[in-house]
Amino acid sequence: MTRTILPSASNSIPNSSYSQADWQGGYRSLTGEYQYWIDEIQGEIPADLQGTLFRNGPGLLDVNGQRLAHPFDGDGMISAIVFDQGRAYFHNRFVQTEGYEAEQAAGQLLYRGVFGTQKPGGWLKNCFDVKLKNIANTNVIYWGGKLLALWEAAEPHRLDPLTLQTLGLETLDGLLKPGEAFSAHPRIDPGWNSDRQPRLVNFGLKAGLSSTITIHEFDPDLRVLHQRRHTVPGFAFLHDFVITPNYCIFFQNPVRFNPLPFVLGWRGAAQCIDFQPQEPTRILVIPRHGSGAVQIFETEACFVFHHANAFERVGQLVIDSICYEFFPQADPAHDYLNIDFNAYPAGQLCRFTVDLASGGVQRQVLDTRSCEFPTLHPTQVGQAYRYVYLATAHDAHGNAPLQAIAKFDLETGDRQIWSAAPRGFVSEPIFVPRRVRPASSTANPGDLSISDAEAEEGWLLTLVYNAALQRSQLVILAAENLAQGPVATLSLRHHIPYGLHGSFCPEIFGPVA
Ligand code: CO
């Protein structure tokens with residue numbers, strides 16, 4: 001039985017839940033760097049919400065008026081919102097990458113972008129130029145005393161968490177060679193491992209005719225515990241992965257890569273990826289401990305950027321992912337601002353159950369509503385869990401911009417939705433638990449199990465672009481009762497271009513006196 005709870009005001013929105021012009025407004029460059037106490041607040045910031053929310057995403061959609069072909073080519077800009085005793089402080093700063101500094105000094109585009117941005121002057125100016133700009137725009141994490149801006153194709157940039165000043169490229173004590181890939185989707189194992197300590201698990205990918213996946217595990221001080229390389233057949237496009245106590249799990253999407261149009265200056269590298277609907281999606285299961293081999297399972301063709309979670313059952317692995325029926329090839333002549341959402345497949349929450357003995361894979365669509373950016377209570381990463389939180393479209397059917405935050409009960413199928421439609425456009429929700437219980441404090445040390453009630457005790461934080469104000473707002477929702485609407489809405493003095501990923505840490509970084 002599926003129950004949808006919608007705020008009454010949202011039910012009255014006819015036909016389309018948004019206007020394209022409103023949506024486009026969130027893709028304007030933000031050139032300014034700000035710092036201020038947020039003073040326009042509706043509702044009340046919970047007093048027990050203490051810590052710092054970091055967000056990353058493209059801050060610039062143009063360089064001195066020269067438009068980028070795709071937002072994913074935009075220079076990374078970090079926003080931080082510091083919560084302390086019911087007050088909130090905002091600051092933002094661009095990651096001072098080598099490319100950002102050079103282009104800002106030159107006042108023009110100097111680099112090609114992976115997603116199709118070309119230097120001015122036509123293909124002759126672009127051919128054989130395959131050097132890429134590390135744009136540091138995809139995620140930002142605080143771990144082991146370091147704040148890292150991540151971009152999957154190269155090493156992280158380290159930032160000062162207090163000032164957001166860029167301190168330089170981070171090699172992780174020499175672990176990463178210059179330019180070596182380090183994914184923007186690290187996973188945090190909360191302590192479901194033999195030493196019962198939290199671990200940061202991440203990977204780096206080198207894709208080619210065969211692809212090498214390097215998996216790193218770090219302790220709470222960001223010291224590497226181990227590093228293992230695995231080679232898998234074929235070209236791999238891997239943006240994200242999931243972990244369980246015993247495995248790292250990747251989805252190798254069925255794509256081919258033809259580098260010629262990129263090398264010749266006709267297309268960006270990501271525009272040379274061609275979906276192969278007749279080939280299977282491969283599920284790569286890599287042991288986290290010991291030297292076991294990579295196991296490969298096959299399921300029908302689909303495309304996955306992001307996973308929600310995975311867990312182990314006797315003889316089975318269960319993986320919940322956002323799944324697209326196909327991946328359309330980008331048309332370099334098409335303006336992303338004029339995208340026809342209906343022409344593209346919607347991301348849907350799917351459950352894949354892998355039978356380890358037979359190799360069979362069952363795929364079940366859990367929800368047809370268009371969605372992205374899944375998250376959950378951090379203690380349940382890698383474990384059976386009940387609630388997943390997502391950014392979704394307002395309408396139950398079709399593809400549309402993300403305008404709502406949903407909570408999906410995986411046990412009953414119930415769903416709760418809070419919608420910002422018609423003029424609000426949401427971003428990735430971040431779940432902040434209301435109580436954090438260290439593993440050592442439980443009756444059975446190392447047992448992190450939490451009750452269903454605890455799994456929904458927390459705050460969901462999401463940045464919403466409000467087209468009526470042409471500014472962004474930080475919305476705080478209570479995860480237990482999402483449909484009742486925001487606990488607090490904090491209006492920023494400007495907009496933040498639609499972002500990608502971020503994280504929350506309990507440390508209070510700021511403001512600088
Ligand atoms: Co991502």
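Basis for what follows: all heavy atoms, side chains included, without hydrogens, waters or symmetry-related copies. All ligand and atom numbering here is 1-based and tracks the order in the structure.
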Asks: Are the ring centres of F115 and F72 closer than 6.0 Å?
Replies: yes

Asks: Would you list the protein N, O or S atoms within less than 2.8 Å of the Co ion (ligand 1), leaving out water?
Replies: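 H185 NE2, H239 NE2, H306 NE2, H501 NE2, with waters left out.
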
Asks: Between F94 and Y100, what is the ring plane arrangement, given parallel below 30°, perpendicular above 60°, and tilted in between?
Replies: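 F94 and Y100: parallel rings.
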
Asks: By salt bridge (Lys or Arg N to Asp or Glu O under 4.0 Å), which residues pair with E279, not counting sequence neighbours?
Replies: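 If we apply the salt bridge (Lys or Arg N to Asp or Glu O under 4.0 Å) test to E279, skipping adjacent residues, the hits are R256.
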
Asks: Checking R93 now: which residues fulfil side chain to side chain contact (heavy atoms under 4.5 Å, CB included) with it, not counting sequence neighbours?
Replies: E33, T163, L164, Q165

Asks: Who pairs with D335 by side chain to side chain contact (heavy atoms under 4.5 Å, CB included), at least two apart in sequence or on another chain?
Replies: R67, L337, N338

Asks: Would you check, one step at a time, whether the test salt bridge (Lys or Arg N to Asp or Glu O under 4.0 Å) holds for R415 with D367?
Replies: CA-CA 10 Å; R415 108 171 76 76; D367 195 7; 3.1 Å; yes

